[in-house]
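Below you'll find the structure, written out as structure tokens, and then a few comments.
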Amino acid sequence: MQGVSAISSTHFSRSQVGYIDLAGSTGGFIPDAEAAAIYVITAGTAWLQLGGASQPAELVTGDVAIVPCGDAHSLCSEPGRWEFEPVRLIAEQRIREFKRFRHGAGPVRVQFMAARCTWEDFRVQRALHALPSQIILRGALDPGGSSVASLVSLIDVEATLNRPASPYVINRLCDALMMQAVAGLPDYCVRPAGHPGIARALRAIDAALGDEWTSADLARIAGMSRTAFVQRFTRVIGQAPAQYVTERRLQYAAKLLRVDGVSVAEVADRVGYGSLTSFATAFRRRFKAPPARWRRSARALNPG
């Protein structure tokens, strides 16, 4: 994939990493910048909203979100509540002075790692601008040996060690994290010049998997008629819109089932199924086992 080859060139990033706790109802606004932003949600629920997006994307513990092109956005403990600039805090600290920032008053509601990555090479910048405005890796830190989880853990270790070489090591680890995120994207998620409307629809689905999406809703987001949208979506993606939405919901449900303390009923609700029976039926059709049995099998294969 072009994005991976560009990012993996000899032109490495310069990355800054910080750890932020949001207490109470607050959040941070990040203005337009020629820098990619990476957020790793380690505890709680956060809301990511790009400047031009009408609805924020919900991020839960274990999710990783990337804003590759530096678009203006906010990250909040409650939708629409931002009061400071976390990237400015990160930029002003030196990585060898590792510490955790806290903002707001009251109990901590969200904990996250934030990274700011810049590349001077124009080929990397061009590749990043070909990506979706936001990339959300659902359940990236869930048990199961995820390479993204391993990279985040290594960043944590290096930031805590505060060795003289830590800034350089973290630069390379952030490069690898970006490459893993881009490599995991289907080809159609790299915005083709001829299908910007389809890209908008895909981002909307991913940001709100629990919504009751219809082809008419998605066609409006894409700026197309319903008939034209369904035809183009099916041609580009290889599935009809309804089939694609169902597949994305069930894939995310499978990731959620690996998380301790999340019931099958809660998983069904979070991925848009109002009926536990209909969720179990759809899940069994896709994964050849009921949700509870699939969860036990998955944990047995990937303990801890």
Side-chain angles (χ1 to χ4, degrees), residues 1-7 32 36-39 47-59 63-74 123-140 148 178-255 270-273 282 286:
M1 184 183 291
Q2 181 183 2
V4 174
S5 62
I7 296 171
D32 283 310
I38 303 173
Y39 300 106
W47 301 87
L48 173 67
Q49 185 165 14
L50 269 63
S54 59
Q55 296 293 327
E58 181 184 17
L59 305 175
D63 287 350
V64 174
I66 300 174
V67 183
C69 309
D71 296 327
H73 60 281
S74 61
R123 290 172 296 179
V124 178
Q125 295 174 7
R126 183 174 60 191
L128 292 176
H129 279 277
L131 298 173
S133 300
Q134 67 181 26
I135 300 169
I136 299 177
L137 308 177
R138 301 288 185 187
V148 171
M178 283 293 296
M179 283 189 285
Q180 284 293 330
V182 174
L185 290 174
D187 289 342
Y188 57 76
C189 283
V190 179
R191 276 188 306 221
H195 305 292
I198 301 299
R200 288 196 298 273
L202 292 171
R203 289 196 297 273
I205 294 167
D206 193 61
L209 286 172
D211 286 6
E212 295 184 6
W213 292 110
T214 66
S215 294
D217 294 333
L218 295 170
R220 281 193 293 272
I221 292 172
M224 303 167 63
S225 71
R226 181 186 177 282
T227 300
F229 170 76
V230 170
Q231 291 175 345
R232 184 174 298 181
F233 188 100
T234 304
R235 184 172 69 250
V236 173
I237 306 306
Q239 292 177 302
Q243 292 175 312
Y244 176 82
V245 171
T246 298
E247 177 65 16
R248 289 290 296 119
R249 285 174 172 170
L250 294 175
Q251 287 175 352
Y252 187 38
K255 289 185 176 182
R270 285 172 61 174
V271 297
Y273 283 86
R286 171 64 177 80

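Bear in mind that the values here come from a model prediction, so they are computed numbers and not experimental data.
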Checklist line | Minimal non-hydrogen separation, L48 against A65, with atom names | finding: CD2-CB, 3.8 Å
Notebook entry, point to check: So which heavy atom on W47 is nearest to which on P56, and how close?
Noted result: CE3-CG, 4.0 Å
Note to self: Please determine whether side chain to side chain contact (heavy atoms under 4.5 Å, CB included) holds for the pair Y39 and D63, giving the CA-CA distance in whole Å, both sets of side-chain angles, and the decisive distance to 0.1 Å.
What the structure shows: CA-CA 8 Å; Y39 300 106; D63 287 350; over 6 Å; no
Checklist line | Distance in Å, F229 CZ paired with M224 CE, rounded so as to fall on 0.5 Å steps | finding: 7.0 Å
Notebook entry, point to check: Say you draw a straight line from CZ of R138 to CZ of R248; how long is it, rounded to the nearest 0.5 Å?
Noted result: 8.0 Å
Notebook entry, point to check: If you round to the nearest 0.5 Å, how far is CG of D211 from CG of D217?
Noted result: 8.5 Å
Note to self: Which heavy atom of I135 sits nearest to which heavy atom of P68, and what is that distance?
What the structure shows: CD1-CG, 4.4 Å
Item checked: Minimum heavy-atom distance G223-R200, with the two atoms named -> N-NH2, 4.1 Å
Next item on the list: Test side chain to side chain contact (heavy atoms under 4.5 Å, CB included) on I38 and V64 and set out the steps.
Entry: CA-CA 7 Å; I38 303 173; V64 174; 4.2 Å; yes
Checklist line | Closest contact, heavy atoms only, I205 versus W213 | finding: CA-NE1, 3.8 Å
Notebook entry, point to check: Does a side chain donor of either E247 or Q243 reach within less than 3.5 Å of an acceptor in the other side chain?
Noted result: no
Margin query: If you define the side chain from C-beta out and look only at heavy atoms, does anything of L202 sit under 4.5 Å from F233?
Written below: yes
Margin query: Using 0.5 Å steps for rounding, measure from the CZ atom of R226 to the CD atom of Q231.
Written below: 10.5 Å
Item checked: Rounded distance [0.5 Å steps], CD in E58 versus CZ in R270 -> 6.5 Å
Check: What's the shortest heavy-atom distance between R249 and V271, and which atoms?
Finding: CD-O, 3.0 Å
Notebook entry, point to check: Say you draw a straight line from OG1 of T246 to OH of Y273; how long is it, rounded to the nearest 0.5 Å?
Noted result: 4.5 Å
